[in-house]
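What follows is a short report on a single structure.
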Amino acid sequence: MHFPGKFNDQLVAEQLQRVSLSFLVDDLVLRRGGVAGNIAYALGVLGQAPLLVGAVGADFADYRSWLERHGVDCSGVHVFDDVHTARFVCTTDDDMCQIASFYAGAMARAREIELGPVAERAGGLDLVLIGANDPEAMLRHTDECRQRGFSFAADPSQQLARMEGPQIRRLVEGATYLLTNDYEWELLLRKTGWTAEQVGELVDIRITTLGENGVHIVGRDGVELKVGVVPETGKVDPTGVGDAFRAGFLAGAAGGLNLERAAQLGSLIAVNVLETDGPQEWTWDRERGLERLRDAYGPGAATEIATVLPA
């Protein structure tokens, strides 16, 4: 929502202990989101077969229909009728200051989900991406991946701020991929007490996104790779850009691309989201995508990446 004014003008310093305010907003926009939904949507658009796992409320029906229309298997979604699906509600004023609330709702029940039956119904799992969720669910699913021998990607993102070192270490150890942005990477090192070299011994591939500076990839063998971004035509909304990169990267890796090409595809999907208002409002245009890949990385890169792209 948008408040056509400034929150600061409505606050009385001497009365903050009794604050009771109502803001008349002039705009309301509803967007589908959530890291799992964003990543699954993009993977579906890219022709992959993502299986969404999570906890939702009875109000999920419309969102389910949207995701399934875009190639997402929602059979792993558990519905709890006594709560609502998690949501974020935010009001922004003319100074870009924000007052927001996050309702966890059904998300807190994700800890009740077991991955074994999901994998059995699906006939196996290629990779389990464990993103920001209920912290207990994240720990349970990571432990289960190790116990059952499922390859997994650790993507703790926002939950790093509320988790302590021992919990973070449980999320990371043994991961095929560790995905963070540069701020989260430094926070992870500080909270775990690990060095970058120690992390390199515990995960196969570390992927750190650097915003406009691209992405930094480090393999267990110590080989490092830096990939630049696809130039933007304009910044509209940064929400979900990191999720889009992850989807593009994973789609490329699943299609057999090397790390550099997979990261380049991730960068293309990320810029599509950056240039769109909302994390799931972008549309796929193969010819335009290949043109942007050629311009950013050269014709050879575009030719290789084209082999995994849908029509």
Side-chain angles (χ1 to χ4, degrees), residues 32-54 66-74 76 122-131 150-155 157 175-181 204-209 214-217 219 225 227-230 240-276 279-294 296-297 300-311:
R32 302 174 186 90
V35 294
N38 294 340
I39 295 170
Y41 169 83
L43 284 169
V45 170
L46 290 172
Q48 298 298 309
L51 194 161
L52 181 63
V53 179
W66 165 263
L67 290 170
E68 289 178 342
R69 290 199 306 273
H70 289 89
V72 179
D73 181 347
C74 293
L125 302 173
D126 299 317
L127 179 77
V128 180
L129 186 145
I130 301 169
F150 298 154
S151 297
F152 69 96
D155 184 19
S157 59
T176 300
Y177 301 108
L178 170 61
L179 296 135
T180 67
N181 62 30
D204 290 343
I205 299 167
R206 171 169 68 86
I207 302 166
T208 309
T209 56
V215 59
H216 183 207
I217 300 175
L225 176 67
V227 177
V229 299
V230 174
V241 170
D243 301 333
F245 172 83
R246 284 151 174 73
F249 175 86
L250 293 173
L257 298 181
N258 63 31
L259 292 174
E260 181 179 21
R261 298 293 184 245
Q264 289 168 343
L265 177 55
S267 297
L268 172 66
I269 307 306
V271 81
N272 272 274
V273 171
L274 179 65
E275 295 167 353
T276 308
Q280 296 180 36
E281 307 305 315
W282 62 282
T283 56
W284 173 243
D285 182 329
R286 177 184 171 92
E287 293 309 312
R288 174 59 176 151
L290 289 173
E291 179 184 358
R292 298 186 75 170
L293 287 170
R294 282 192 291 268
Y297 307 117
T303 299
E304 290 182 38
I305 296 172
T307 61
V308 306
L309 297 180

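For the single chain, residues carry numbers from 1 onward in sequence order.
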Q | Derivation of the side chain to side chain contact (heavy atoms under 4.5 Å, CB included) call for Leu129 and Leu179 | A | CA-CA 10 Å; Leu129 186 145; Leu179 296 135; 4.3 Å; yes

**Q.** Nearest atoms (heavy-atom pairs only) where Gly33 meets Asn38
**A.** CA-OD1, 3.3 Å

**Q.** Residue pairs fulfilling salt bridge (charged side-chain N to carboxylate O under 4.0 Å, His left out) with at least one residue in residues 249-274, sequence neighbours excluded
**A.** Arg261-Glu304

Q: Of all the heavy-atom pairs spanning Ala262 and Ala253, show the shortest one and how long it is.
A: CB-N, 3.8 Å

Q. Can you name the side-chain hydrogen bond (donor to acceptor under 3.5 Å, both in side chains) partners of Thr180, sequence neighbours left out?
A. none

Q. How would you list all residue pairs meeting salt bridge (charged side-chain N to carboxylate O under 4.0 Å, His left out) that involve residues 34-44, not counting sequence neighbours?
A. none

**Q.** Inter-residue atom distance Leu309.CG - Leu46.CG, 0.5 Å rounding
**A.** 7.0 Å

Q | Spacing of CG belonging to Asp73 relative to CD belonging to Glu68, to within rounding of 0.5 Å | A | 7.5 Å

Q) Taking only residues two or more places apart in sequence or in another chain, which ones pass side chain to side chain contact (heavy atoms under 4.5 Å, CB included) with Glu291? A) Arg288, Arg294, Asp295

Q. For Gln280 and Leu67, what are the C-alpha separation, side-chain angles and deciding distance, and is it a side chain to side chain contact (heavy atoms under 4.5 Å, CB included)?
A. CA-CA 10 Å; Gln280 296 180 36; Leu67 290 170; 3.9 Å; yes

Q | Within 6.0 angstrom of Asn258 CG, more than 12 heavy atoms from elsewhere | A | yes

Q | Residues in side-chain hydrogen bond (donor to acceptor under 3.5 Å, both in side chains) contact with Asp204, at least two apart in sequence or another chain | A | Arg220

Q: Please determine which of Ile269, Leu274, Thr209 meets the side-chain contact (heavy atoms from CB on, under 4.5 Å) test together with Val241.
A: Leu274

Q: List in chain and number order the residues that pass salt bridge (Lys or Arg N to Asp or Glu O under 4.0 Å) with Asp155, two or more places apart in sequence or in another chain; answer none if no residue qualifies.
A: Arg246

Q | Smallest separation among heavy atoms of Ile207 and Tyr177, with atom names | A | CD1-CD2, 3.8 Å

Q. So, for Ala301 and Gln264, which heavy atoms are closest and what is the spacing to 0.1 Å?
A. CB-OE1, 3.5 Å

Q.
Checking Ala263 now: which residues fulfil side chain to side chain contact (heavy atoms under 4.5 Å, CB included) with it, not counting sequence neighbours?
A. Val215, Ile217, Val227, Phe245, Phe249

Q: Applying ring pair (Phe, Tyr, Trp, His ring centres under 6.0 Å), name anything that partners Trp66, two or more places apart in sequence or on another chain.
A: Tyr41, His70

Q: Could you pull out the closest heavy-atom pair between Thr176 and Ser151, with the gap in Å?
A: OG1-CB, 3.6 Å

(Q) For a quick test of reading the model, state the closest non-hydrogen atom pair linking Gly228 to Ser267 and the distance between them. (A) O-OG, 3.7 Å

Q. Nearest 0.5 Å, what's the OG1-CG distance between Thr208 and Leu178?
A. 7.0 Å

Q | Residue list, side-chain hydrogen bond (donor to acceptor under 3.5 Å, both in side chains) with Asn272, at least two apart or on another chain | A | none

Q. Considering residues at least two apart in sequence or located in another chain, which fulfil the ring pair (Phe, Tyr, Trp, His ring centres under 6.0 Å) criterion with Phe152?
A. none

(Q) Once side chain to side chain contact (heavy atoms under 4.5 Å, CB included) is applied, do any residues pair with Thr307, and if so which ones, sequence neighbours excluded? (A) Leu257

Q: Decide yes or no for Val128 and Val53: does some side-chain heavy atom of the first lie under 4.5 Å from some side-chain heavy atom of the second?
A: no

Q: Please identify each residue that fulfils side-chain hydrogen bond (donor to acceptor under 3.5 Å, both in side chains) with Glu281, with sequence neighbours left out.
A: none

